[in-house]
A.B. asks: 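My structure is below; once you've seen it, I'll send some questions.
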Number of protein chains: 2
Amino acid sequence: MSLRNALLSLLTVEPMTGYDLYKVFESSVGHVWHAPDSQIYPELKRMESEGLITGQDVQWGQRGKKRQYTITNEGIAEFKSWMNTPLEYARTRDPAHLKAAYLEWADPEAAREQMRRHIAHYQSLLKQWQERIDELEQGTNSMLAKRLKSTPRKDWDATIAFKRFTYEGLVSRAEAEIQWAERGLQLIDRLNS
Amino acid sequence: MSLRNALLSLLTVEPMTGYDLYKVFESSVGHVWHAPDSQIYPELKRMESEGLITGQDVQWGQRGKKRQYTITNEGIAEFKSWMNTPLEYARTRDPAHLKAAYLEWADPEAAREQMRRHIAHYQSLLKQWQERIDELEQGTNSMLAKRLKSTPRKDWDATIAFKRFTYEGLVSRAEAEIQWAERGLQLIDRLNS
DNA sequence: GAAAACATGTAACCGGTTACATGATTCT
DNA sequence: AGAATCATGTAACCGGTTACATGTTTTC
């Protein structure tokens, strides 16, 4: 149900089409939650049929049209209710650490490559997340700017602070993963010397 | 395919039944990779049909019997091949951080509860992972003891070191998550004062 | 005129979860 | 005798991935 609530959270800002939402998933929210268009369109239909959002056909060019979705009061209630419900944590399932536990079965060079990729992966995420923090600091995030327009000024602080808090958490996670893999590289070197 | 390889990794130690494997998933490996019995039994059947393992019916009591699986050479080759293949990283999908980004929508007390549960969740994992490290240090892990018996003494170091490395990574992750959620609690307090 | 972007889906598949179902053995 | 453990599955469902499919509009 997280996709559904990620969509609701975006629609609290302004009405959007499936494609608009897909684009936001590709950029901002996508750094916390990924969803392909093939998942977004059917989910929007379901949400409309359940009354969480309403769709309006909007003319687009001469012949084209697109469907713009607006969140309903039920949708807002649903989102708030999700936000107030404690999260169920899934059992651990971590391929990178599973493989790491048996790295003595890999060729040393493959083991090193594994660690290098782990570093590269989290460095790329680190960069993206750091960029989002920079955007928050400089006020250059357009989704946030739109959101603040419909937010009472007294709540601006909280709105920005929680996003910053989120990305800071992801940044420190990425940093920890990079450090871990670097220790892994040293370990592989030590074992093969 | 990680379940399959987790099963193969365990079967490199000794032949086991589905139930044996299920028990190991409930204890040791389960702290890195979780799998329910309803997933293990069918997967073992598939693996047998693909020649990665062979099953032998073993008498159990008077009337009962159980099926014990032995890894084949193809199974060992498959596992090594997986170990030498770089991991594909899945796109980010992180419910806890997704929710954190919109915590201004939650009631302050629900937000605090969220953070407290995050702390409790990772403290419980931290304890489990720390226990595994203690076991490695004291040599009281029976799966590892069995594994070492069939491992050349010169490779003992690597076998233990990679497991320790894995759990240390998980421990620092858990510590980072706890610190993050504690900052979250402080932030909620600050915003509501 | 062509390419890029906008727009919206369907279908097959895959891994994982939850619930259901059954029966034997061993321990106390 | 009863409880706990050992033992092995099936079935419905759910969320997500990948591939396929199509057409319009805007930009260069």
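The figures that follow rest on heavy atoms only: side chains count, while hydrogens, waters and symmetry mates do not. In what follows, every chain begins at residue 1, and chains take the letters A, B, ... in the order their sequences are listed.
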A.B. asks: Does OP1 or OP2 of D/dG9 have a side-chain N or O of B/Lys45 closer than 4.0 Å?
C.D. replies: yes
A.B. asks: Please report, rounded to the nearest Å, how far the P atom of C/dT8 is from the CD atom of A/Gln68.
C.D. replies: 10 Å
A.B. asks: Do the side chains of B/Arg173 and A/Asp94 get close enough for a salt bridge, i.e. N-O under 4.0 angstrom?
C.D. replies: yes
A.B. asks: Nearest whole angstrom, please: distance from the C1' of C/dG15 to the CG of B/Asp37.
C.D. replies: 16 Å
A.B. asks: Between D/dT25, D/dG16, D/dA7, which nucleotide gets closest to the side-chain atoms of A/Gln39?
C.D. replies: D/dG16
A.B. asks: Picking from C/dA24, D/dT8, D/dT24, which would you name as closest to the side chain of B/Lys66?
C.D. replies: D/dT8
A.B. asks: Answer yes if the ring centres of A/Trp180 and A/His97 are under 6.0 angstrom apart, and no otherwise.
C.D. replies: yes
A.B. asks: How are the rings of B/Phe79 and A/Trp105 set to each other: parallel, tilted or perpendicular (split at 30° and 60°)?
C.D. replies: perpendicular
A.B. asks: Atom CD of B/Glu88 to atom P of D/dT17: distance rounded to whole Å?
C.D. replies: 13 Å
A.B. asks: Taking 4.0 Å as the cut-off, does a side-chain nitrogen or oxygen of A/Trp60 come that near to OP1 or OP2 on C/dA7?
C.D. replies: yes
A.B. asks: Find the distance B/Met16:CE to D/dC6:C1' and express it as a whole number of Å.
C.D. replies: 16 Å
A.B. asks: Nearest-Å distance, CD (B/Glu43) to C1' (C/dG15)?
C.D. replies: 9 Å
A.B. asks: Nearest whole angstrom, please: distance from the P of D/dG15 to the CG of A/Leu44.
C.D. replies: 15 Å
A.B. asks: Just how far, in rounded Å, is C1' of D/dG9 from CD of B/Glu48?
C.D. replies: 15 Å
A.B. asks: On the six-membered ring of B/Trp156, is B/Arg153 placed so that its NZ or CZ lies under 6.0 angstrom from the centre and within 45° of the ring axis?
C.D. replies: yes
A.B. asks: Identify which nucleotide among C/dT8, D/dG23, D/dG16 has an atom closest to any side-chain atom of A/Leu3, counting heavy atoms from C-beta outward.
C.D. replies: D/dG16
A.B. asks: To the nearest angstrom, how far is A/Arg91 atom CZ from D/dG15 atom P?
C.D. replies: 20 Å
A.B. asks: Any side-chain N or O of A/Arg67 less than 4.0 Å from the OP1 or OP2 oxygen of C/dA7?
C.D. replies: no
A.B. asks: OP1 or OP2 of D/dT8 versus the side-chain N and O atoms of B/Tyr41: is any pair under 4.0 Å?
C.D. replies: yes
A.B. asks: Between B/Glu48 and B/Lys45, does any side-chain N to carboxylate O distance fall below 4.0 Å?
C.D. replies: no
A.B. asks: Please determine, for the side chain of A/Lys23, which listed nucleotide (C/dA24, C/dT17, C/dC6) has the closest atom?
C.D. replies: C/dC6
A.B. asks: Using heavy atoms to find the nearest nucleotide of DNA chain C for B/Gly64 and B/Ala35 separately, return the residue whose nucleotide is more 5′.
C.D. replies: B/Ala35
A.B. asks: Any side-chain N or O of B/Lys65 below 4.0 angstrom from OP1/OP2 of D/dA7?
C.D. replies: no
A.B. asks: Counting only side-chain heavy atoms from C-beta out, which of C/dT17, D/dT25, C/dT8 sits nearest to A/Thr17?
C.D. replies: C/dT8
A.B. asks: OP1 or OP2 of D/dC6 sitting under 4.0 Å from any side-chain N/O of B/Tyr19?
C.D. replies: yes
A.B. asks: D/dT17 phosphate, OP1 or OP2: any side-chain N/O from B/Arg93 under 4.0 angstrom?
C.D. replies: yes
A.B. asks: Which is it for A/His31 and A/Tyr167 under the ring-ring contact (aromatic ring centres under 6.0 Å, His included) test, yes or no, and what are the steps along the way?
C.D. replies: CA-CA 9 Å; A/His31 299 135; A/Tyr167 284 107; 7.4 Å; no
